[in-house]
Enquirer: 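Just passing along the structure, written as structure tokens.
Numbering of residues begins at 1 and proceeds along the displayed sequence.
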Amino acid sequence: MTEDAQENRARTQADESRPASGRGIFERTRLIAGDEMMRRLADTRVLVVGVGGVGSWCVESLVRTGVGHITIVDRDVVATSNINRQLPATTSTVGQPKVEVLGRRMLDINPDLDLRAVFDFYSPENADSYDLDSYDYVIDAIDSRDCKAELILRATASRARLFSSMGAARKLHASMVATAEFWKVQGCPLARSLREYFKKTERFPRRKFKCVYSPERLPQAMRADDGGNGTFAHTTAIFGLTLAGLVVEDIYSKSNRPNS
């Protein structure tokens with residue numbers, strides 16, 4: 001090995017051993033995103049409602065990509081039954097609020113992150129307390145149909161762009177996870193229930209929005225005591241990562257648009 005090669009290798013090893021902090025932690029992202037997109041990511045404000053099996057993975061991906069301002073909302077605490085699929089759930093975090101556990105992890109990834117952790121359920125009763133116009137993106141990872149519908153209605157009436165997760169339970173095949181405009185989602189009982197709700201209440205989303213879904217529905221052999229369905233970690237994670245991907249793709253598109 002030449003002297004120059006030895007020097008370069010030593011410099012690389014020193015850089016890799018240096019504690020990750022500041023903008024350096026996003027260097028591999030910057031190589032493909034470019035400086036303009038990195039600036040946009042740092043300025044982007046995202047609201048993620050629901051940080052369970054889908055939302056938690058979405059948050060992690062957004063933070064690791066460089067999104068600078070994130071609000072997470074969830075009133076659940078970690079349960080043993082969450083450990084098979086939810087990012088905040090480990091045997092040592094059982095009983096702790098999910099937003100607190102996830103918040104600590106996100107700040108450990110990026111200490112400069114502007115993070116707001118809200119220990120609360122989003123619902124029709126408290127929806128007025130959320131200023132959706134203050135966000136660039138709203139991520140819907142809510143399980144409850146009525147609460148989900150309220151967020152969809154309000155987000156589509158705001159300046160924020162909405163991306164929504166449909167049902168991620170009873171799925172196995174990763175290749176079947178897809179995206180589609182809400183009214184074109186097929187084979188998803190949750191999407192069908194939402195559409196029926198909107199028609200019954202005669203309240204409809206103000207604009208189109210994209211969803212992550214899978215038409216797959218495995219046979220239901222058993223149900224949990226709380227009525228929950230069986231779920232695999234890889235499918236819920238793919239739902240969450242796909243939601244994050246929709247945000248990143250949109251920012252990438254805007255960053256590379258002429259005269260943007």
Side-chain angles (χ1 to χ4, degrees), residues 40-52 54-59 61-62 67-76 99 114-168 178-186 188-213 239-240 242-255 257 260:
R40 286 178 180 262
L41 285 165
D43 292 339
T44 294
R45 307 181 69 86
V46 182
L47 170 66
V48 181
V49 186
V51 292
V54 172
S56 59
W57 299 99
C58 177
V59 172
S61 184
L62 292 174
V67 170
H69 309 270
I70 294 183
T71 298
I72 55 177
V73 180
D74 201 309
R75 196 176 176 81
D76 275 342
V99 291
D114 173 23
L115 175 74
R116 183 181 177 215
V118 181
F119 183 60
D120 199 6
F121 286 127
Y122 182 95
S123 69
E125 291 71 31
N126 67 10
D128 286 337
S129 64
Y130 292 87
D131 180 13
L132 302 187
D133 284 321
S134 67
Y135 297 97
D136 300 298
Y137 299 92
V138 172
I139 301 296
D140 158 38
I142 298 176
D143 292 328
S144 166
R145 190 213 46 189
D146 290 3
C147 296
K148 191 178 197 73
E150 188 69 25
L151 180 60
I152 289 172
L153 291 168
R154 290 181 179 251
T156 56
S158 75
R159 63 169 290 274
R161 184 161 188 188
L162 170 69
F163 295 119
S164 178
S165 171
M166 295 296 104
T179 63
E181 195 278 321
F182 171 68
W183 295 99
K184 295 181 179 179
V185 171
Q186 297 181 351
C188 176
L190 179 55
R192 182 173 60 252
S193 178
L194 283 166
R195 289 193 286 259
E196 292 172 352
Y197 177 88
F198 292 141
K199 292 174 183 177
K200 180 179 179 180
T201 60
E202 297 185 340
R203 299 172 67 205
F204 295 94
R206 294 282 293 274
R207 62 176 184 268
K208 295 179 178 180
F209 61 98
K210 188 168 286 188
C211 300
V212 180
Y213 77 103
F239 269 65
T242 303
L243 286 170
L246 291 172
V247 173
V248 175
E249 289 165 18
D250 192 60
I251 297 172
Y252 182 86
S253 176
K254 292 175 179 177
S255 301
R257 187 179 301 159
S260 60

Enquirer: Out of the candidates R45, R40, R159, only one should pair with D136 under the salt bridge (charged side-chain N to carboxylate O under 4.0 Å, His left out) rule; please name it.
Expert: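 Testing each of R45, R40, R159 against D136, the sole residue satisfying salt bridge (charged side-chain N to carboxylate O under 4.0 Å, His left out) is R159.
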Enquirer: Sequence neighbours left out, what passes side chain to side chain donor-acceptor pair (under 3.5 Å) with Y122? Give chain and number order.
Expert: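 For Y122 there are no side chain to side chain donor-acceptor pair (under 3.5 Å) partners, ignoring immediate neighbours.
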Enquirer: Taking all heavy atoms of F239 and all of V212, pick out the closest pair and write down the distance.
Expert: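 Shortest heavy-atom separation between F239 and V212 comes out as CE2-O, 3.6 Å.
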Enquirer: Side chain of S253, backbone of E249: donor and acceptor closer than 3.5 Å?
Expert: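 No, S253 side chain to E249 backbone: no donor-acceptor pair under 3.5 Å.
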Enquirer: Taking side-chain contact (heavy atoms from CB on, under 4.5 Å) as the test, write out the residues that go with Q186, two or more places apart.
Expert: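 Q186: no side-chain contact (heavy atoms from CB on, under 4.5 Å) contacts found.
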Enquirer: Assess the residue pair T44 and Y137 against the criterion (side-chain hydrogen bond (donor to acceptor under 3.5 Å, both in side chains)); give the C-alpha distance rounded to whole Å, side-chain angles, the decisive distance to 0.1 Å, and a yes or no.
Expert: CA-CA 8 Å; T44 294; Y137 299 92; 5.9 Å; no
Enquirer: By salt bridge (Lys or Arg N to Asp or Glu O under 4.0 Å), which residues pair with D250, not counting sequence neighbours?
Expert: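 D250 satisfies salt bridge (Lys or Arg N to Asp or Glu O under 4.0 Å) with R161, K254 only.
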Enquirer: Tell me, please, which residues at least two apart from S164 pass side chain to side chain donor-acceptor pair (under 3.5 Å).
Expert: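 Here the qualifying residues are D140.
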Enquirer: Is there a donor-acceptor pair under 3.5 Å between the side chain of S129 and the backbone N or O of N126?
Expert: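 At least one qualifying donor-acceptor pair exists.
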Enquirer: With sequence neighbours excluded, what pairs up with R203 under the salt bridge (Lys or Arg N to Asp or Glu O under 4.0 Å) test?
Expert: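 E150.
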Enquirer: Identify which one of I139, L132, I72 satisfies the side chain to side chain contact (heavy atoms under 4.5 Å, CB included) criterion when paired with L47.
Expert: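 Going through the options one by one, the only one that passes is L132.
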Enquirer: Give a yes or no on whether the backbone of L190 and the side-chain of S193 come within a donor-acceptor separation of less than 3.5 Å.
Expert: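 Not confirmed, S193 side chain does not pair with L190 backbone.
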Enquirer: With sequence neighbours left out, which residue pairs that include part of residues 115-131 fulfil the salt bridge (charged side-chain N to carboxylate O under 4.0 Å, His left out) condition?
Expert: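 Listed by first then second residue: D128-R154.
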